[in-house]
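Quick note: numbers below take in every heavy atom, side chains included, and nothing from hydrogens, waters or symmetry partners. Whatever order the structure lists ligands and atoms in, that order sets their numbers, starting from 1. Counting from 1, the numbers follow the sequence of the chain as shown.
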Amino acid sequence: MSQETSHNLPPKRMRESRAIKASIVLPPDTNNHNTMFGGKVMSYIDDIAAISAMRHCRQRVVTASTDSVDFMHPIRLGDSICLESFVTWTHKTSMEVFVKVTAEDLMTGNRAICATSFLTFVALDPDNRPILVPPVYPESEEEKFLHETASERAKVRHDRRSQSRELAEKFVLKRSWEAL
Ligand SMILES: CC(=O)SCCNC(=O)CCNC(=O)[C@H](O)C(C)(C)COP(=O)(O)OP(=O)(O)OC[C@H]1O[C@@H](n2cnc3c(N)ncnc32)[C@H](O)[C@@H]1OP(=O)(O)O
């Protein structure tokens, strides 16, 4: 990776990476409760967050981690689901992306926040090595809140990554029947 710091790159507004996706929940998206599959929502979250990350850095990106996704409200068949995402914080080669998922009952207009999530993406150069990303700065109150609280979340992720590595060392690569 280049030795320069990301602060040599011109900072970008959070709003420049904003992405919005709306769609209607159809039968193939739903489970036996007639609500949207959690896995489908998670796939939408990863998709839109990657768009925001690429809009911010204009490089290829990979998902390094997804913080927990709490499903706070069901998304029902026939509802509209809307996802909104933007980059909230950057370090050297990594970017935190916030995703908000809302549902709207199209008959009544009632809306609810169904899930929120933070994901971390890493920008890669053409040789698949992490590459520096521009810093990001907030403007609105919501953006300022997310930016100011980001380094604390990054610390938690850093600790979790170390724990995941320690955990992975406890497992063997052999298939379970070969390891017996
Ligand atoms: C869009 C998609 O669906 S992609 C498919 C799913 N994702 C993948 O397959 C990614 C697989 N993982 C990888 O390729 C690598 O582990 C990478 C690129 C994420 C990290 O590469 P490494 O060689 O370990 O690089 P390194 O340790 O220097 O980390 C690079 C940056 O990623 C950050 N990072 C790496 N892992 C994590 C993690 N689990 N959580 C948060 N940040 C992380 C580091 O903090 C560092 O950030 P910084 O440069 O801003 O300080």
*Asks:* Where does Ala64 meet ligand 1, judged by heavy-atom distances below 4.0 Å: at the side chain, the backbone, both, or neither?
*Replies:* both
*Asks:* Below 4.0 Å, non-hydrogen atoms only: which portion of Lys92 touches ligand 1? Side chain, backbone, both or neither.
*Replies:* both
*Asks:* Could I get the full list of side chain to side chain contact (heavy atoms under 4.5 Å, CB included) partners for Ala19, not counting sequence neighbours?
*Replies:* Ile48, Ile51, Ser52, Arg55, Ser85
*Asks:* Enumerate the atoms of ligand 1 whose separation from the nearest heavy atom of Ser94 is less than 4.0 angstrom.
*Replies:* 47 (O), 48 (P), 50 (O)
*Asks:* Are more than 12 heavy atoms, taken from residues, nucleotides or ligands other than Tyr137, located less than 6.0 Å from that residue's OH atom?
*Replies:* yes
*Asks:* With a sphere of 6.0 Å drawn around CG of Leu26, does it hold more than 12 non-hydrogen atoms of other residues, nucleotides or ligands?
*Replies:* yes
*Asks:* Phe98 vs Phe86 aromatic rings, parallel, tilted or perpendicular, using cut-offs 30° and 60°?
*Replies:* perpendicular
*Asks:* So, taking the atom named CD1 in Ile20 and the one named CD in Glu84, what distance separates them when rounded to the nearest 0.5 Å?
*Replies:* 4.5 Å
*Asks:* Mind checking whether Asp46 contacts ligand 1 via backbone (N, CA, C, O), side chain (CB onward), both or neither, at a 4.0 Å heavy-atom cut-off?
*Replies:* side chain
*Asks:* For Thr35 and Asn31, test the side chains for any donor-to-acceptor distance below 3.5 angstrom and give the result as yes or no.
*Replies:* yes
*Asks:* Among Arg160, Arg129, Arg161, Arg157, whose heavy atom sits nearest atom 22 (P) of ligand 1?
*Replies:* Arg161
*Asks:* Compare Val62, Val122, Asp47 and give the one whose heavy atom is closest to atom 32 (O) of ligand 1.
*Replies:* Val122
*Asks:* Using a 4.0 Å heavy-atom threshold (strictly under), name the region of Thr93 that reaches ligand 1: side chain, backbone, both or neither.
*Replies:* both
*Asks:* Identify, with sequence neighbours excluded, every residue that meets ring-ring contact (aromatic ring centres under 6.0 Å, His included) alongside Tyr44.
*Replies:* none
*Asks:* Give the atoms of ligand 1, by number and element, whose distance to some non-hydrogen atom of Ser65 is under 4.0 Å.
*Replies:* 38 (C), 39 (N), 40 (N), 41 (C)
*Asks:* For His91, take its heavy atoms, then give the atoms of ligand 1 lying under 4.0 Å from any of them.
*Replies:* 48 (P), 50 (O), 51 (O)
